[in-house]
Amino acid sequence: TYTTLDQAVANAKNLLYTNKGERIMQPDLGCDLRNVVFQNITDEITSDVDNRIRTQFNYWLPYIFINELSVTPSEDQNTIYVSLKISLEGNKFDTRSIQLEIQNNQL
């Protein structure tokens with residue numbers, strides 16, 4: 001990566017893709033999103049995903065500001081779409097988007 005914002009996007013993706021317990025010596029690292037797919041998709045689940053992401057970003061990546069966070073469930077299948085628009089603290093004008101699809105046992 002060449003810029004700090006590009007590195008922040010890579011760090012954010014790693015945090016989103018990681019489940020708790022995957023990292024040795026850091027058992028609380030990760031958003032644990034794969035476990036959500038096997039639950040019934042309700043408003044509580046989408047707000048739980050939103051809360052998980054915000055909590056983990058605040059703890060592990062406090063230098064990243066979440067400008068927009070959208071969690072959209074699919075009605076016909078167990079799929080949740082997550083869309084983030086992030087920037088660095090102190091520079092909210094340069095933004096990057098991250099799109100994520102959580103489906104079955106894949107992420």
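- Ile80 is listed as a side-chain neighbour of Val71, based on a closest heavy-atom distance under 4.5 Å.
- Minimum interatomic distance between Leu5 and Arg96 (heavy atoms only, all atoms of both residues): CD2-NH1, 3.0 Å.
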Is there a side-chain contact (heavy atoms from CB on, under 4.5 Å) between Ile102 and Thr79 once you walk through the steps?
CA-CA 6 Å; Ile102 307 165; Thr79 305; over 6 Å; no

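- Applying the side chain to side chain donor-acceptor pair (under 3.5 Å) rule to Asn11 yields the partners Gln7, Tyr63; only residues at least two apart in sequence or on another chain are considered.
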Side chain to side chain donor-acceptor pair (under 3.5 Å) between Thr3 and Asp6, worked out:
CA-CA 5 Å; Thr3 67; Asp6 290 339; 3.1 Å; yes

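- Interatomic distance, Ser70 OG to Tyr81 OH, rounded to the nearest 0.5 Å: 12.0 Å.
- A distance of 11.5 Å separates OG1 of Thr46 from CG of Asn51, quoted to the nearest 0.5 Å.
- Arg54 is listed as a side-chain neighbour of Ile66, based on a closest heavy-atom distance under 4.5 Å.
- With values rounded to the nearest 0.5 angstrom, Ile53 atom CD1 is found 5.0 Å from Leu69 atom CG.
- Remark: Arg23 engages no residue in a salt bridge (charged side-chain N to carboxylate O under 4.0 Å, His left out) (not counting sequence neighbours).
- With 3.5 Å as the limit, one finds no donor-acceptor pair spanning the side chains of Asn58 and Thr55.
- With a 4.5 Å cut-off on side-chain heavy atoms, Arg52 and Lys20 do not count as touching.
- The two residues Ala8 and Leu88 come nearest to each other via the heavy atoms CB-CD2, 3.7 Å.
- Remark: Asp94 engages Asn91 in a side chain to side chain donor-acceptor pair (under 3.5 Å) (not counting sequence neighbours).
- Connection of Phe65 to Phe57 is not established within any shared hydrophobic cluster, with ILVMFWY side chains joined at heavy-atom distances below 4.5 Å, either directly or through further cluster members.
- Contact between Lys92 and Thr95 at its shortest, heavy atoms only, is O-CG2, 3.7 Å.
- The minimum heavy-atom distance between Ile86 and Asn67, with the atom names listed, is C-ND2, 4.2 Å.
- Contact check for Val82 versus Val49: side-chain heavy atoms found under the 4.5 Å cut-off.
- Shown here are the side chain to side chain donor-acceptor pair (under 3.5 Å) partners of Glu44, two or more places apart in sequence or in another chain: Thr42.
- The shortest heavy-atom contact between Pro62 and Glu89 is O-CG, 3.6 Å.
- The minimum heavy-atom distance linking Trp60 with Asp28 is given by the pair NE1-O, 3.5 Å.
- The side chain to side chain donor-acceptor pair (under 3.5 Å) search around Ser83 returns Gln99, not counting sequence neighbours.
- You'll find the side chain of Ile98 reaches within 4.5 Å of the side chain of Lys13, heavy atoms only.
- In the hydrophobic clustering (ILVMFWY side chains linked at under 4.5 Å, chained through shared members), Ile24 is joined by Met25.
- Formation of a donor-acceptor pair under 3.5 Å by the Arg34 side chain with backbone atoms of Tyr17 is found in this model.
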